[in-house]
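Here the structure is a predicted model, which is why all the values come from computation and not from measurement. Computed over heavy atoms, backbone and side chain alike; hydrogens, waters and symmetry mates excluded.
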2 protein chains.
Amino acid sequence: MNDTNAMPAIHTVVALFTIRERLEFLRLDAERGRLPVGALLPGEGLEACARRALWTATGIEDVFLEQLYTFDGEQAGAQAIVAYYALAPCERLPIRRPGVGWADPAEVTTLLAEEHQIIVQRACERLAGKLEYAPIAYQFLAERFTLGELQAVYEIIGRQALDKRNFRRRMHASAHLVETRDVRRNGPHRPARLYRLRDTQPAVAG
Amino acid sequence: MNDTNAMPAIHTVVALFTIRERLEFLRLDAERGRLPVGALLPGEGLEACARRALWTATGIEDVFLEQLYTFDGEQAGAQAIVAYYALAPCERLPIRRPGVGWADPAEVTTLLAEEHQIIVQRACERLAGKLEYAPIAYQFLAERFTLGELQAVYEIIGRQALDKRNFRRRMHASAHLVETRDVRRNGPHRPARLYRLRDTQPAVAG
DNA sequence: CGCGTTGGTGTCATTCATACACCAACGCTA
DNA sequence: TAGCGTTGGTGTATGAATGACACCAACGCG
């Protein structure tokens, strides 16, 4: 089992997050519950491997993907495990495969194999931290979105309610937003103005 | 050359920084200039490998070490390269080996092999960013230090002069500092009070 | 047409960040 | 031994950012 020659050298793991009412992560039901894992192929890039792992397990592609941390791989039968987290709006996640579903990060200890728990936990921390200074919240939204939707993302990831007026002031000051001319009629209430993310690439993603 | 069996699967690279007047990183002179690199041994942990790489090249041990990023390894003849950055006060760095020296991060493009440049650059960015919210500045200082020394670290890493009084207010408010009863007489001027870092482990280092 | 629901707006108080100048304690040297 | 040069150490006043807070608008539905 620990034969060094037969051991695939490097694995990638992907924790995919989305927001549907609450923050959820993608989980493979097999056995105890696992995240999508891929073994690095010769000549393959690490990020490509992670995307392939996600695609193979779920059919999902073209998500926001960022490296999280690289772990020792001993107990997983690899030499190293490069963990990624991925973000996507739930509309773009057409999961129609058996054994693939969503789970609550708060219940990670009961729903996930032990080696993968730390990945989801650290990803949540990173998410909450990065929310303040990087435009990651938009990754959970469609191309055009309302300020109400955006605020919901902030509240869910940051785990606290926010004041509506202060939030809007912050967002308008942040210069990431572009107001469109359209509104969305959603329910039995006043239509909401639609915004989109300013397309300038926001610095580095490392 | 790209024989998959003979290729060491994983390398670690370490960018060691210290402050002597200016911020400097440790560089091996061989060829174009390189950072210390190690090949992961079977059963060895990643961080252990990085420490071993640093020790082998320089004889330095027991430094602050933190993972930076994991790169594709193709062009370096590996499958992946796990980069670390290390911090230490210069007094603890007894380098007495040929071909090991210090260099200015600003001149990285002329002093370092191309694949390693990005590591030093990203480490500098991370350092400057983390300075604000994590107690990393202390890693450049001895166990006991003066506020003048601490401010110098902040100014060098943050690349801007700071107001003395505002800085001291910030530091005292940060609750990382413990005032000792001792002072240090250094030059032809008033002795400086010595401080040390409060020993509570400050959250996670990921 | 009235109700329920979400969208949208401004002000005031507090906190935080910034700018700024002087005396203290020592070593050195004349 | 007196003066100078050097770094250590302290408080205040002003502007900026943040946090708390309440009401009307526009729509769908019954």
Fill in: Test salt bridge (charged side-chain N to carboxylate O under 4.0 Å, His left out) applied to A:Glu115 and A:Arg32, step by step
CA-CA 11 Å; A:Glu115 333 110 56; A:Arg32 292 170 295 180; 3.5 Å; yes
Check residues 103-114 of chain A and write down every donor-acceptor pair under 3.5 Å in which the side-chain atom is one partner and the other belongs to a residue at least two apart or another chain.
residue	atom	partner	partner atom	Å
A:Asp104	OD1	A:Ala106	N	2.8
A:Thr110	OG1	A:Glu107	O	3.1

What is the distance, rounded to the nearest whole Å, between atom [atom1] of [X] and atom [atom2] of [N]?
{"X": "A:Tyr154", "N": "D:dT18", "atom1": "OH", "atom2": "C1'", "value": "16 Å"}
{"X": "A:Leu162", "N": "D:dA20", "atom1": "CG", "atom2": "P", "value": "10 Å"}
{"X": "B:Phe167", "N": "C:dC16", "atom1": "CZ", "atom2": "C1'", "value": "17 Å"}
{"X": "B:Arg184", "N": "C:dG27", "atom1": "CZ", "atom2": "P", "value": "15 Å"}
{"X": "A:Glu132", "N": "D:dA17", "atom1": "CD", "atom2": "P", "value": "17 Å"}

Worksheet item: Among all residues two or more places apart in sequence or in another chain, which pass the side-chain hydrogen bond (donor to acceptor under 3.5 Å, both in side chains) test with A:Arg169?
Response: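 Partners of A:Arg169 under the side-chain hydrogen bond (donor to acceptor under 3.5 Å, both in side chains) test: A:Asn166.
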Practice prompt. Would you please name every residue forming a side-chain contact (heavy atoms from CB on, under 4.5 Å) with A:Arg20, sequence neighbours left out?
Written response: A:Thr18, A:Glu24, A:Cys90, A:Trp102
Pairs under 3.5 Å (N/O, protein and nucleotides 7-11 of chain D):
residue	atom	partner	partner atom	Å
D:dG8	O3'	B:Pro191	O	3.4
D:dG8	N7	B:Lys164	NZ	3.3
D:dG8	N2	B:Arg190	NH1	3.2
D:dG9	OP1	B:Arg193	N	2.6
D:dG9	OP2	B:Arg168	NH2	2.6
D:dG9	O5'	B:Arg168	NH2	3.1
D:dG9	N7	B:Lys164	NZ	2.8
D:dG9	O6	B:Lys164	NZ	3.0

Worksheet entry | Pairs satisfying ring pair (Phe, Tyr, Trp, His ring centres under 6.0 Å), at least one member in residues 70-90 of chain B, at least two apart | B:Tyr69-B:Phe71
Discussion item. Quick test of your reading: applying ring pair (Phe, Tyr, Trp, His ring centres under 6.0 Å), list the pairs with at least one residue in residues 117-152 of chain B, sequence neighbours left out, ordered by first then second residue.
Written reply: B:Tyr138-B:Phe145
